[in-house]
Amino acid sequence: SLFHMTGDPEFLEEAECVAYNQLSAHQEPSTGSFHYFMSPHGVRAYAERHSHYCCMYSLSRGLAMLPDMAVGSMDGRAAVALFLPGEYRVPVKTATGKKEIDLTIKTNFPVSGKGVIQVNCDNKERFGMALRVPGYATSFTAKAAGKTYTGKAGDFLTIDRKWSKGDKVEFDMQMEISMIGFSGRRDAQDEKVYAVKRGPQFLAVDSTTAIGDTLYKEWIGVQKYAVPVKRDGKGLVYYLSKCSMVPYGDAGQTGGQVEM
């Protein structure tokens, strides 16, 4: 991969963006059916059955490959690249040679930026654990054995210490809603085009759950954000007196009109 060739965490951030936006948006959460073409606007029409088209297989393969991208080994250290809950076996370099250790990640990311990583190793072993600090994180801390480590956005935070079975790392990253401008893109009123983003997720308006504090009764997911939106154009957002936004990957699941 480009990350393995360059060591640049930016490529991991792009992969994460694809996972939480394009891949998740293509799949209907209650049935697993896929939507073939994806647009930032409109109504999503999911296939009634799993299609044999190659692109459909590419989507499911992409989702299945995410655990392999999440956790691994980097220069002898255990490395957490994507914050996906699960159990992972990782080869590491210790003072006594190469060993395999198990990591268990518990988190509801990206609903929140908090989580716990538990280390399981047979004996006390000293090795490094590298945590990716996303570029969108406004702050990132990790606590292990009573010590707090502070990470820098767009880099890896390494905790090098002697680990025992059951040791835990508690991480906490802050994510704020931001406006992302698209260079050279303008709408019909010659205004600059922006997208709304929180963490790795782009946000969108869904007509079935765009007003108020509650989600549509059949909605799968818990994320919804009140976002100030400039309403001087046309379309769904223009007609709303109050605007709530959901992750683009969740939008459209109940047949509503989607506007990103």
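All values reported here derive from a predicted model rather than from experimental measurement. Numbering starts at 1 and runs along the sequence shown.
For R77, the salt bridge (charged side-chain N to carboxylate O under 4.0 Å, His left out) partners are D75, not counting sequence neighbours. Here S30 pairs with E28 under the side chain to side chain donor-acceptor pair (under 3.5 Å) rule; sequence neighbours left out. For D102, the salt bridge (charged side-chain N to carboxylate O under 4.0 Å, His left out) partners are R89, not counting sequence neighbours. S24 is linked by a side chain to side chain donor-acceptor pair (under 3.5 Å) to nothing, counting only residues two or more places apart in sequence or in another chain. For N21, the side chain to side chain donor-acceptor pair (under 3.5 Å) criterion is met by no residue, not counting sequence neighbours. Shown here are the side chain to side chain contact (heavy atoms under 4.5 Å, CB included) partners of A70, two or more places apart in sequence or in another chain: L82, L84, Y88. By the side chain to side chain donor-acceptor pair (under 3.5 Å) test, N108 pairs with S112, sequence neighbours left out. K99 meets the salt bridge (charged side-chain N to carboxylate O under 4.0 Å, His left out) test with E125; sequence neighbours excluded. With sequence neighbours excluded, the residues satisfying side chain to side chain contact (heavy atoms under 4.5 Å, CB included) with Q118 are T104, N120, K168.
At most 12 non-hydrogen atoms from other residues, nucleotides or ligands lie less than 6.0 angstrom from CD of E10.
The two residues A153 and A137 come nearest to each other via the heavy atoms CB-O, 3.8 Å. In terms of heavy-atom proximity, Y136 sits nearest to G199 at CD1-CA, 3.4 Å. Summarising the geometry of A81 relative to L12, their closest heavy-atom pair is CB-CD1, 3.8 Å, with the distance given to 0.1 Å. Nearest heavy-atom pair across I101 and A78 is CD1-CB, 4.4 Å. Closest heavy-atom contact between R44 and V258: NH2-CG1, 4.4 Å.
With no hydrogens or angles considered, a side-chain donor-acceptor pair links T208 and D206 at under 3.5 Å.
Residues K165 and D122 are not paired through a salt bridge, judged by the lack of any N-O separation under 4.0 Å between the basic side chain and the carboxylate.
The stretch residues 58-85 participates, sequence neighbours left out, in these ring pair (Phe, Tyr, Trp, His ring centres under 6.0 Å) pairs: F83-F109, F83-F171. A salt bridge (Lys or Arg N to Asp or Glu O under 4.0 Å) check over residues 129-141, counting only residues at least two apart or in different chains, returns the pairs E13-R132, E16-R132.
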Open item on the list: Working note: L131 + Y149, criterion side chain to side chain contact (heavy atoms under 4.5 Å, CB included); need CA distance, chi angles, decisive distance, verdict.
Closed with: CA-CA 11 Å; L131 307 180; Y149 303 81; over 6 Å; no

Task: Derivation and outcome, side chain to side chain contact (heavy atoms under 4.5 Å, CB included), residues R126 and T94 - done: CA-CA 6 Å; R126 185 180 189 93; T94 72; 5.9 Å; no

Open item on the list: Between W219 and K224, does the side chain to side chain contact (heavy atoms under 4.5 Å, CB included) criterion hold? Intermediate values first, please.
Closed with: CA-CA 11 Å; W219 192 267; K224 188 175 184 181; over 6 Å; no

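In this structure, the side chain of T107 engages the main chain of K114 through a donor-acceptor pair within 3.5 Å. For the pair Q253 (side chain) and I220 (backbone), a donor-acceptor distance under 3.5 Å is present.
V80 and V116 are not part of a single hydrophobic cluster, where members link through side-chain heavy atoms under 4.5 Å apart. With hydrophobic clusters built from ILVMFWY side chains whose heavy atoms lie under 4.5 angstrom apart, M65 does not share a cluster with V18. I177 is connected to M245 through a chain of hydrophobic side-chain contacts under 4.5 Å among Ile, Leu, Val, Met, Phe, Trp and Tyr, so both are in one cluster.
Hydrophobic side-chain contacts under 4.5 Å tie V111 into a cluster, directly or through other members, with V222.
When each of V119, I159, D160, V90 is checked for a side-chain contact (heavy atoms from CB on, under 4.5 Å) with F127, only V119 meets the rule.
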